[in-house]
Each structure stands twice: as structure tokens, then as C-alpha cells.
Amino acid sequence: MPAVETPQGIVLEPGRLAAALATAPDEDPCIRPIELRDRARAMAGTALASEDMTSVRHFAHGLEPWLVVRAGMDLSRLPPTPLDFPPVQNDAWWPLGWLTVGLMALAGARLVSYACENGGDAFVNLVARPEEDVGAGPAERSRKAMRGHTDGASFPFPSEFAAGDEVHSPAPDLLVLVGLRNPEGTPTRLAPVSLALKNLTDEELWAMEGPWFDIAPQATFDTDRVRVGAPILSRREPRHGLSMRFSHGRVAPSHGAPAAAGIALRRFKEALADLYVEVPIGPGDVCLIHNRQVIHGRAATGPGVGGTTRWLLRTYGWMDGTLGHRQPGGPPHCHR
Ligand SMILES: O=C(O)CCC(=O)C(=O)O
Ligand SMILES: [Fe+2]
């Protein structure tokens with residue numbers, strides 16, 4: 001038996017999806033994903049069968065760590081895979097973008113972005129970057145396997161934000177990956193935090209909840225604020241018993257931390273290795289992931305840039321009830 005039970009995905013019925021998409025907004029979903037959320041929610045609701053709604057509700061309540069919705073829509077009009085993060089000016093992906101906004105809304109979430117990441121764009125491209133544009137190191141990093149992490153790990157837990165004095169808004173509650181192309185079937189790797197934590201003693205769990213870790217920002221986040229002397233585990237966040245922020249490369253025990261902190265981090269990393277489930281996000285797939293309950297990474301994407309190489313879109317969500325700092329002068333989805 002596999003160590004991790006893979007959540008049942010949803011496969012949309014083509015006729016039902018086509019009828020739903022006919023009612024989708026006819027504009028770029030990067031511009032008004034908040035203002036048109038109710039319309040997107042109604043549209044996505046008609047694309048789902050009643051048993052699919054049950055799966056979405058289970059996911060929303062935290063009973064499933066992730067949810068893959070396979071829409072299987074026609075993406076034949078897509079342009080070549082872009083070479084950079086900013087969204088392309090091409091409407092071929094818009095219906096899938098609106099379906100994503102709608103599925104997030106059905107799961108009780110709204111789309112958010114951060115002004116300090118990729119200019120606050122609502123959807124960004126995860127693609128291979130050309131060496132001539134970004135240099136050899138970043139080009140290689142954009143294609144190689146990515147070790148497990150949570151996104152925005154240096155940003156606050158919602159409970160920390162609510163306590164005040166935070167410069168940045170809470171990290172994403174949801175990470176949402178949308179498949180446009182994945183010719184090699186490169187898997188995204190997902191591991192439930194709760195299973196990894198089962199390998200830790202009470203003392204190690206206690207250390208993870210203590211002020212014993214330094215967390216550097218993710219490379220894509222343009223901020224120099226390192227979170228110093230902070231917990232990486234919280235049991236005080238809404239909906240979930242356990243909330244983790246983690247990165248193999250960017251989380252380290254603070255100077256003077258008790259030995260249990262370093263041991264806990266090492267044992268957590270070791271436990272993860274056996275827990276990853278490989279989820280290839282294919283064209284037309286929308287994968288909703290609870291960012292603090294699932295550690296995610298991916299396999300190497302293979303050679304080449306542009307053309308028909310792998311192309312995922314990524315967006316973030318906050319569950320209703322999570323609050324942040326609006327970016328002054330920015331659109332309602334954009335925060336600092
Ligand atoms: O490419 C993927 O499947 C995931 C990428 C990712 O986790 C990231 O860019 O932070
Ligand atoms: Fe990530």
C-alpha cells in the first residue's frame with residue numbers, strides 16, 4: 001500500500017464544461033479576479049457534478065490536502081511557451097483562468113498576489129528561462145528538480161499577521177497550479193505535512209513551534225526581510241490542526257536554538273523523502289494545494305525553452321477570513 005493515499009481527483013464532463021464556459025467573463029482574468037469572482041463561482045458551479053461539489057467541500061474544510069480538477073479543455077490556440085513570468089497577452093488561457101478563479105471561490109478562497117513578487121501579477125508563468133536572458137545559474141534552476149517547500153515561507157502565519165506589526169501579508173493559504181503544457185509529464189511532488197510530522201517526538205514538535213528558526217525569503221520574492229527567531233509550525237491557524245512553513249534551502253535553526261530544533265528539522269526532511277506523491281499537472285488541469293499542509297516540489301523539467309516545453313500558470317489564494325495589507329494604489333487582489 002502506498003504511504004500516502006492520493007486524493008480522488010475530479011474529471012469534468014465535456015458537455016457540462018462547455019456550457020459553463022459559455023458564461024465565463026470575456027476578459028483577462030489577471031485584471032479583475034476579485035470583482036468577477038461571484039460570476040466565476042457560478043460558472044464553475046455549473047461545470048461540476050454534485051459529487052464533485054462534495055470533493056470541493058471536503059478540500060475546503062481541510063479534509064483533503066490537495067485537489068486536482070481535470071478540465072481537459074481545448075488549448076490548441078495557445079502561443080509558444082513564454083520565456084518569463086509575466087502573463088502573455090493571449091486569450092487562449094483565459095477560460096481556464098476563469099475556471100481556476102471559480103474553483104477557488106467554490107473552495108472558499110479568493111485570488112491574491114504580492115506586490116513584491118513578479119509585480120503582483122495575478123497569474124504567472126512557471127517556465128524554463130533562457131540562459132541568454134537570465135544567465136546560466138537561474139536558467140538551470142528554472143529547469144532542474146525543485147526540492148520541497150511551502151511558498152512564501154518567510155511571510156507570516158495568519159495568526160502572526162492578526163497579532164500586528166507585520167510588514168508583509170500572510171503567506172498564501174492556497175497554492176494553485178494550472179497546467180497548459182507538460183509534454184514530458186514532469187511531476188509536481190506533493191507530501192502531506194501531517195504524515196511527515198508523525199515521525200517527530202513531542203519535544204521536537206514543541207521545538208518547531210518555538211522561536212528557533214531563521215527563514216530567508218523565496219528567490220522570487222523581492223524583499224530583504226529574513227524572519228529571524230521564528231517558529232516553523234503553528235497549531236493556531238484556522239481550519240487546520242497543523243500549519244507548516246518550510247524550505248530545504250531557506251530555513252535553518254537560529255543561533256542559540258536548542259538541539260531539538262535542528263534535530264526536528266532534519267527528521268522532518270528525512271521523513272518527507274518517502275512521502276512524496278508524483279502528480280503530473282497536464283494541460284487543462286487545475287491543482288489546488290493547501291500551502292501550509294502540503295510540501296511541494298517537482299522533478300526536473302527536461303531540456304529546452306519556449307516552443308512546446310512545459311508551461312504551468314501559478315496563482316495564490318487566501319481562504320475567506322485571511323486578511324492582509326492591500327497594496328496602495330494596486331488592484332484588490334494585490335498585497336504587500
Ligand atoms: O513547477 C512546479 O511544478 C512547481 C514549481 C514551484 O513550486 C515554484 O515555482 O515555487
Ligand atoms: Fe513553489
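Quick note: residue numbers are just sequence positions, from 1. Counting starts at 1 for both ligands and their atoms, in listed order.
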Are more than 12 heavy atoms from other residues, nucleotides or ligands located less than 6.0 Å from atom CG of Asp222?
no
Examine Arg292 relative to Phe157 and say whether NZ or CZ is less than 6.0 Å from the centre of the six-membered ring and inside a 45° cone about the ring axis.
no
Less than 6.0 Å separating the ring centroids of His296 and Trp66?
no
Need one value: angle at the Fe ion (ligand 2), His149 atom NE2 versus Asp151 atom OD1, rounded to 10 degrees.
90°
If you measure from NE2 on His333 to OG on Ser113, what distance do you get to the nearest 0.5 Å?
4.0 Å
If the criterion is any heavy atom closer than 4.0 Å to an atom of ligand 1, which residues make the list?
Leu126, Met146, His149, Asp151, Thr188, His296, Arg298, Arg310, Leu312
Classify the side-chain pair Glu209/Ser234 by whether it contains a donor and acceptor separated by less than 3.5 Å.
no
For the residue pair His168 and Phe155, categorise the inter-ring angle as parallel (less than 30°), tilted (30 to 60°) or perpendicular (more than 60°).
parallel
